[in-house]
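Throughout, a chain's letter reflects where its sequence line sits, starting with A, and its residues are numbered from 1.
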Protein chains: 2
Amino acid sequence: MNISDASRDSGLPAKTIRYYEDIGLIKPRRLGNGYRDYSDDDLHKLRFLQRSRGLGFSVEDCRVLLSLYEDRNRASADVKQIAKTHLVEIERKIAELQSLQRTLSHLVDACQGDHRPHCPIINDLAG
Amino acid sequence: MNISDASRDSGLPAKTIRYYEDIGLIKPRRLGNGYRDYSDDDLHKLRFLQRSRGLGFSVEDCRVLLSLYEDRNRASADVKQIAKTHLVEIERKIAELQSLQRTLSHLVDACQGDHRPHCPIINDLAG
DNA sequence: ATAGAGCTTCCAGCAACTGGAAGGTCAAGC
DNA sequence: GCTTGACCTTCCAGTTGCTGGAAGCTCTAT
């Protein structure tokens, strides 16, 4: 299977698939003409990467998860640890964004938003 | 005032202050020895940048906000528009992260996290 | 005179792609 | 056999917002 079909199948852009090869996540075989040829196994990995990236795991986390995916003797504790750490980070980001949201929405509400220069938003930013 | 004092005053690293100059956000005068010399006006701008970046505005948004800050004839509507757009983006990100959080926390809860290979997280990622 | 702190510029790198240029390959139609 | 257009390849640069480090000049205190 060539790269555009692999792209359709995995939902990843061809550019991204080549990038994943560059950084050693997958290694499809090459045909005589130099074209990449994706096996079923490669396609499984691409789909796995698409989903784990979609859940916000870093590419380096994905590399580890992929190796655990392929390791029939893995301990589920190892997977869970990565996921928990990621979850904590997501929760931290949510809290951070919610704090910004609170501040900003107060400022937006306080601003008349008319033709006049008076602006509580600017005043707040000016300190 | 030299750059390390400006850094202390604004809460921005000296590297960042130089970077802001590189991209044209501030233009401190130079002393005879080539050192940057920050005026009160420069310091106001740096504090403004520190706060607006702290609220998550992009550097390009900050550039526009800074020009509005300096424009005595600004319309508060222009400021409010930028802030509202940013707020919507923040709310979008929060929703996206909350969706990831829900999915991930379910998966983490479902995983035993022991020495055995069975893992609902991996199974989900595998599709 | 010298040591150490502080300043300068410039170049490289981070994450995770994405866009584009230059050029080889393949399948279809004439 | 030739052309056209859609593929494919590699490589380089750019994105965002800094950050680290090297090489070298300047200033202050001893």
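- Interatomic distance, CD of A:E96 versus NZ of B:K93, reported as 10.0 Å (0.5 Å rounding).
- Comparing D:dC8, D:dT26, D:dT10 by their closest approach to the side chain of A:R30 singles out D:dT10.
- The side-chain heavy atoms of A:D124 and B:R51, taken from C-beta on, include a pair separated by under 4.5 Å.
- Considering only side-chain atoms of B:R36, the nucleotide from D:dC8, C:dT8, C:dC7 that sits closest is C:dT8.
- Applying the 3.5 Å distance criterion, the base of D:dG17 shares no donor-acceptor pair with the side chain of B:Y20.
- Using a 4.0 Å heavy-atom criterion, one finds that A:I23 contacts no nucleic acid atom at all.
- Interatomic distance, CG of B:N123 versus CG of B:L107, reported as 9.5 Å (0.5 Å rounding).
- For the pair A:L46 CG and C:dC17 C1', the computed distance is 15 Å after rounding to whole Å.
- Side-chain contact, A:T85 with A:Q81: a donor N or O sits under 3.5 Å from an acceptor N or O.
- Atoms CZ (B:F57) and P (D:dG17) sit 13 Å apart, rounded to a whole Å.
- Remark: A:F57 CZ to B:L100 CG distance equals 9.5 Å, nearest 0.5 Å.
- The B:Y19 side chain lies nearest to D:dC18 when the options are D:dC18, C:dT8, D:dT26.
- For the pair A:I17 CD1 and C:dG19 C1', the computed distance is 17 Å after rounding to whole Å.
- Atom OH of A:Y35 is separated from atom P of D:dT10 by 11 Å (rounded to the nearest Å).
- Residue A:R63 contributes atom CZ, which lies 12 Å from atom P of C:dC17 at whole-angstrom precision.
- One interatomic measurement links the two molecules: CE of A:M1 to P of D:dC7, which rounds to 15 Å at whole-angstrom precision.
- Listed nucleotides D:dT19, C:dG6, D:dG17 differ in distance to B:R53; the shortest reach to its side chain belongs to D:dG17.
- In this structure, the nucleotide among C:dG19, D:dC18, D:dT9 sitting nearest to the side chain of A:K15 is C:dG19.
- Nearest-nucleotide positions on DNA chain C for B:A14 and A:V59 put B:A14 closer to the 5' end.
- Using a 4.0 Å heavy-atom cutoff across all strands shown, A:R18 reaches at least one base atom of the nucleic acid.
- With D:dC18, C:dT18, C:dC7 as the choices, the nucleotide that has an atom nearest any side-chain atom of A:T16 turns out to be C:dT18.
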